[in-house]
Amino acid sequence: MASQAVTPQSQDFSKWYNEIVYRADLADQSPVRGCLIIKPYGYELWEAIKAGLDRRFKATGHQNAYFPLFIPESFLKREAEHVEGFSPELAVVTIAGGKPLEEPLVVRPTSETIIMESFKNWIQSYRDLPLLINQWANVVRWELRTRPFLRTTEFLWQEGHTAHATYEDAERETRQMLDVYADFAINDAAIPVVQGRKSDREKFAGALHTYTIEAMMRDKKALQSGTSHNLGQNFARAFGIQFLDENNQLQYCWTTSWGVSTRMVGAVVMTHGDDKGLRLPPKLAPYQVVIVPIFKADDERPAVIAAAERLRAELSDAGIRVHSDLREGQSPGFKFNDWEMRGVPVRLEIGPKDLEKGTVALARRDQPGKEGKQFVSQAGIVEQVRRLLDEVQASLLRQATEFRDANTHDVATYDQLRQVIEAGGWARGWWAGSGDDEARVKDETGATIRCFPFDQPDGAGRCLFTGAPAQRQAIFAKAY
RNA sequence: CGGGGUGUGGCGCAGCCUGGUAGCGCGCUUGCAUGGGGUGCAAGAGGUCCCGGGUUCGAGUCCCGGCACCCCGACCA
């Protein structure tokens, strides 16, 4: 029985995470180092994330397209910072069809370069702008250290790429897409992210500046969960993307890019999971409700199963994602634990006693054991389940928000910052240091500037590191 | 790329020190009972012991070489 328990978060968070990923049936290890096999249950979770984002992209005027996996090596080299940032982690194809290639092909680590090459041809006039494209794709980055979902050699993501006539338009787009990410994270994934701007040290290779949504995991480390880059005219110049404006003047475009990856799956796991397994927000859960039928004797079976099927159909017709667990030879207790491991928000139990009384048991995943279990009438089940799903969704967000706030500390001195980081948590304080100062903090504490939050206090203060006057606060934390 | 560790049925491990023809738990199959919080009993199936070489009558075990993976750091969505 002890062997069935998962390693507690408090004992070894990293071990807990690894066990949950495999035991909740999200993924398998693959034969290739650092690559992940995403199993159906994990992929359904990703599909829900995709759907939530894609809907928002369409609503803000973007269209999906698809560009090649292979990029001519020379493309990467056209933007100096970009190639410098990515070259250490490229996978390169040098032989194909049994012969050495004239020019090696890079397996895309991101698609700015090959998409800009197309944008050059698609854009002639200010009337062609803005150009708003997104693609869902796989990318490859040969990372030294990998973790399931958080950092894998190959991963799935979406990358938005847009071109605009002015800096202001590009900046508005960059911020808009960060808002889209934050809206998705908070309202669908129940992850209370902090929006902000990256320091120059942490920005994307080739960007003017980068915005981020940062989330706090249950070990109090930060996870960069989505980024939006204002690329300025850097890529437009490198790829010659020009247009004629209203005054017949030739101008370079202003471009943006933004991405969210399968890392978001890891964010959901590490934001909400507990020692019993996953806790999925109802809006993303592959199954929002699981029905566990219970019967003692064979002669009770048909009636219980018929009732379960009637309820399943009723919930399903109402648009609720419901699964009926009819597995033979597995005890109810086993199924309860199994579905708790998989994080299903609401469990519906129905047995002989319920048939007599016209009731069912409803258990919510966000509240442990008997506390979260109640017997309710079968009549009006749809409304009751809907209400419960809403409550679980809200409760997960509330819990995560409280956790984040309880573990975010204001610091005025470097000593205080050290203490907060050492104890585990986010440290927020005034900052006017240089990139070198930032590097020293990282060196000495392991913490980096996660972002300069948009949400800033009024006024100004003194830099916690240099003591110089500072205009803005930064959040420091250890990060994945 | 530095430091540590591990390679033995699907998974987790023991066996290695002290060589003698592979074992335990979980899972899987079948049957009977059981079923409202990780069920019990019984009978089964399943293994190139990471690879190559050496020592030996005999190697999972000893020696040499290689490979892979995992964990911890530095780099990164």
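In this text, all values refer to a predicted model and were calculated from it rather than measured experimentally. Proteins come first, then strands; the chains are lettered A, B, ... in the order of their sequence lines, and each starts at number 1.
Each of A:I350 and A:T153 has a nearest nucleotide on RNA chain B; the 5'-most of these lies closest to A:I350. Comparing A:N18 and A:L150 by the nucleotide of RNA chain B that holds the closest heavy atom to each, the one mapping nearer the 5' end is A:N18.
If you take atom P in B:G9 and the same atom in B:U48, they sit 9 Å apart, rounded to whole Å. B:U8 and B:G4: their C1' atoms are spaced 22 Å apart (whole Å). Here, B:G20 and B:G7 have their C1' atoms 24 Å apart, quoted to the whole Å. Comparing B:C69 with B:A45, their C1' atoms are spaced 29 Å from each other, to the whole Å. Spacing of C1' atoms, B:A59 relative to B:C50, comes out at 16 Å, to the nearest Å. For the C1' atom pair drawn from B:U18 and B:G10, the interatomic distance equals 33 Å after rounding to whole Å. With P as the reference atom, B:C64 and B:G25 are 36 Å apart, rounded to whole Å.
Residue A:W142 places its CH2 atom among 12 or fewer non-hydrogen atoms of other residues, nucleotides or ligands, all under 6.0 Å distant. Surrounding CD of A:Q63 are at most 12 heavy atoms belonging to other residues, nucleotides or ligands under 6.0 Å away.
For A:K198, the salt bridge (Lys or Arg N to Asp or Glu O under 4.0 Å) partners are A:E214, not counting sequence neighbours.
Nucleic acid contact for A:F204: none, since no nucleic acid atom lies under 4.0 Å from a heavy atom of the residue. Residue A:K442 is in sugar-phosphate contact alone, with no base atom involved, counting any heavy-atom pair closer than 4.0 Å across all strands shown. Residue A:G259 is out of contact with every strand shown, counting any heavy-atom pair closer than 4.0 Å. Contact annotation for A:E340: base contact, defined as any heavy-atom pair under 4.0 Å involving a base atom. Within the 4.0 angstrom heavy-atom criterion, no nucleotide atom of any strand lies near A:T359. Among the atoms of the strands shown, none is found under 4.0 Å from any heavy atom of A:L223. Looking at heavy-atom distances under 4.0 Å, A:P88 makes no contact with the nucleic acid at all.
With distances taken from any side-chain atom of A:I294 to the nucleotides B:G38, B:C69, B:G35, the minimum falls on B:G35. Checking B:U39, B:G35, B:G73 against the side-chain heavy atoms of A:R147 singles out B:G73 as nearest. Distances from the side chain of A:Q224 to the nucleotides B:A77, B:G38, B:G37 place B:A77 closest. The listed nucleotides are B:C1, B:G38, B:G36; the one nearest the side chain of A:L144 is B:C1. Distance from the side chain of A:P332 is smallest to B:G35 among B:C72, B:C75, B:G35. With B:C69, B:C75, B:A77 as the candidates, the nucleotide lying closest to the side chain of A:R145 is B:C75.
Lacking a ring centre under 5.5 Å from that of the base six-membered ring together with a plane angle below 30°, A:F295 does not count as stacked on B:G35.
Using a 4.0 Å cut-off between a side-chain N of Lys or Arg and a carboxylate O of Asp or Glu, A:E309 and A:R312 qualify as a salt bridge. A:D274 has a carboxylate O that lies under 4.0 Å from a charged side-chain N of A:R365, or vice versa, which qualifies the two as a salt bridge. A salt bridge links A:D54 with A:K58: at least one charged nitrogen is closer than 4.0 Å to a carboxylate oxygen.
Separating the CG atom of A:N337 from the P atom of B:C26 is a distance of 17 Å, rounded to the nearest angstrom.
Base pairing annotation: B:G31 forms a Watson-Crick or G-U wobble pair with B:C41, both donor-acceptor distances under 3.5 Å. B:A14: no Watson-Crick or G-U partner with both key distances under 3.5 Å is found in any strand. Using the Watson-Crick or G-U wobble rule with both distances under 3.5 Å, B:G58 pairs with nothing in any strand shown.
For A:R279 and A:Q399, the side-chain atoms include at least one donor-acceptor pair closer than 3.5 Å. Between the side chains of A:E143 and A:T153, not a single donor N or O lies within less than 3.5 Å of an accepting N or O. Side-chain atoms of A:D354 and A:T359 form a donor-acceptor pair, as typed in the model, at a separation below 3.5 Å.
For A:S331 and B:U39, the shortest distance from a side-chain N or O to OP1 or OP2 is below 4.0 Å. Listed pair A:S14 / B:C72 meets the phosphate criterion, a side-chain N or O lying under 4.0 Å from OP1 or OP2.
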Every protein N/O within reach of nucleotides 44-48 of chain B N/O, cut-off under 3.5 Å:
none

